[in-house]
Protein chains: 2
Amino acid sequence: MEAETVKRRRMPKAQRMEQMLSVAEEVFAERGYLAASMDEIAERVGVSKPMLYEYFGSKEGLLIGCVHKARTELRTRTEAAIAKASTPEEFLRLGLLAFFEFIAEHTKSWALLRHEASITVPSAQEEVEGIRQQQTDLIASVLSGFAPDIDALEAEAFAEIVVGACERLALWCERRPSVGPALATDYVVNLVWNGVAARIKA
Amino acid sequence: MEAETVKRRRMPKAQRMEQMLSVAEEVFAERGYLAASMDEIAERVGVSKPMLYEYFGSKEGLLIGCVHKARTELRTRTEAAIAKASTPEEFLRLGLLAFFEFIAEHTKSWALLRHEASITVPSAQEEVEGIRQQQTDLIASVLSGFAPDIDALEAEAFAEIVVGACERLALWCERRPSVGPALATDYVVNLVWNGVAARIKA
DNA sequence: CCGGTAGGTTACTCCAAGTAAGTTACGAGC
DNA sequence: GCTCGTAACTTACTTGGAGTAACCTACCGG
């Protein structure tokens, strides 16, 4: 194993990139974006610092890469979960549960997503917002499917509310170890389900 | 006026502090926390950079001061609004409306509050979280007042959900100029009110 | 073995957060 | 008006980390 590492100094680009993202996520999560240094990340990866720049362009580029990865994984996870749903309530419940379970299992990714506000490059902000919007678009379109009469703007607003509620509650759950994914899901559903149902019946 | 400025270079500490906070809020909002420089803030205030450190200790200390101020103002505003409420729905509606109105009128303060995640000093994180918790505690205690049987943990969770929902929706409103404070308030109330009401009636 | 390509390094620059050492505005008292 | 002391202030500097210039080499195929 160790002999293998020393002998194979080079790594295919895609593999190296993946390794960099993994290490960066760890360091960003541990130290926060600001305090994380490219020197430390490079050292942990086992490359020189300019390699990080070769691969990601900047510190921010690396953060964007990590955010992109985490959000894509989260989305894949929640989409797989709701694919099993057949009623609106089931859709909501399974989607939320998947979200809270992902957060609980990937504390580093979650810690990292909280630094999205640090992204300053406008094009990157748009990209990240685009990823997030895929999530809210999914919720809004499912809602529209169940309630064809709902105003498009309102469907969007509802989706944003649900996403915001979950993210805030996830932060709160960190301080409440007794609240697991299932209970957190119950809390959100208990609060918003009737509001959603009213729209479906109208 | 100009002669007055040149002649009175010094300023009482409290007044100077207030001026620094005001300018810092502006620069942080314009450029984001990361890209904002202490040099620029000092220049705009009309003092040398070490004065900022004399007054706030660090760049982060300055951010904390600004966040503290904005959150205190927000809280004062929403508390004054809900003091007029007599029914649970009125309480919710007036509080939410005050929140969205504050955001609409203080875009700089709001822009700044989005950088809270940049705060890294543990004691400061606790302080900021404490300020935020005053807000959620207020919501939770009002909810408990109307629904004495509600579980304390659940009341807390509901409060967090409502706060998270509002903050996320406020971000969305920035991209939807047609959605003003009143409409945003309606959206949130429409979604969560029935869930709250169910708890009050139970 | 040699050459070429793709992955990689060392040494450096620069800027902004923060600091050391020193200055002065201004009010009170004589 | 002058002097002294205090509180508000400055200039010049250091340092660490983001980012880069110039160059190196692992490794595979012929």
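A, B, ... follow the sequence lines: proteins, then strands. Residue 1 opens every chain.
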- Message: Taking the side chain as everything from C-beta on, heavy atoms only, tell me whether L92(B) gets closer than 4.5 Å to V142(B).
- Response: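 No, their side chains stay 4.5 Å or more apart.
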- Query: What's the NZ-P distance between K49(A) and dG16(D), to the nearest Å?
  - Reply: 13 Å
- Message: I need the OH-P distance between Y53(A) and dG17(D), as an integer number of Å.
- Response: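 That distance rounds to 11 Å.
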What distance separates [X] [atom1] from [Y] [atom2], expressed to the nearest 0.5 Å?
X: R168(B); Y: C173(B); atom1: CZ; atom2: SG; value: 11.0 Å
X: R132(A); Y: T136(A); atom1: CZ; atom2: OG1; value: 8.5 Å
X: C66(B); Y: L113(B); atom1: SG; atom2: CG; value: 10.0 Å

Which ones in [range] lie close to DNA chain C, meaning a heavy atom under 4.0 Å from one of its atoms?
range: residues 37-45 of chain B; value: S37(B), M38(B)
range: residues 28-35 of chain A; value: none
range: residues 57-68 of chain B; value: S58(B), K59(B)

Which ring-ring contact (aromatic ring centres under 6.0 Å, His included) pairs, counting each pair once, include a residue from [range], with sequence neighbours left out?
range: residues 120-142 of chain B; answer: none
range: residues 145-198 of chain A; answer: none
range: residues 13-51 of chain A; answer: F28(A)-Y33(A)

Polar atom pairs between nucleotides 4-9 of chain D and protein, under 3.5 Å, N or O only, would you list them?
{"from": "dA7(D)", "atom 1": "N3", "to": "R10(B)", "atom 2": "NH1", "distance (Å)": "2.9"}
{"from": "dA8(D)", "atom 1": "N3", "to": "R10(B)", "atom 2": "NH2", "distance (Å)": "2.8"}
{"from": "dC9(D)", "atom 1": "OP1", "to": "R16(B)", "atom 2": "NE", "distance (Å)": "3.0"}
{"from": "dC9(D)", "atom 1": "OP1", "to": "R16(B)", "atom 2": "NH2", "distance (Å)": "2.5"}
{"from": "dC9(D)", "atom 1": "OP2", "to": "Y55(B)", "atom 2": "OH", "distance (Å)": "3.1"}

Identify, with sequence neighbours excluded, every residue that meets salt bridge (Lys or Arg N to Asp or Glu O under 4.0 Å) alongside [X].
X: K108(B); answer: E26(B)
X: E154(A); answer: R199(A)
X: R75(A); answer: E79(A)
X: E73(B); answer: none

- Sequence neighbours excluded - side-chain hydrogen bond (donor to acceptor under 3.5 Å, both in side chains) pairs with any residue from residues 173-185 of chain B: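 Every pair satisfying side-chain hydrogen bond (donor to acceptor under 3.5 Å, both in side chains) with a residue in residues 173-185 of chain B: E129(A)-R175(B), E156(A)-R176(B), W110(B)-E174(B), R114(B)-E174(B).
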- For the student: nearest non-hydrogen atoms of M38(B) and L52(B), plus distance: O-CD1, 3.4 Å
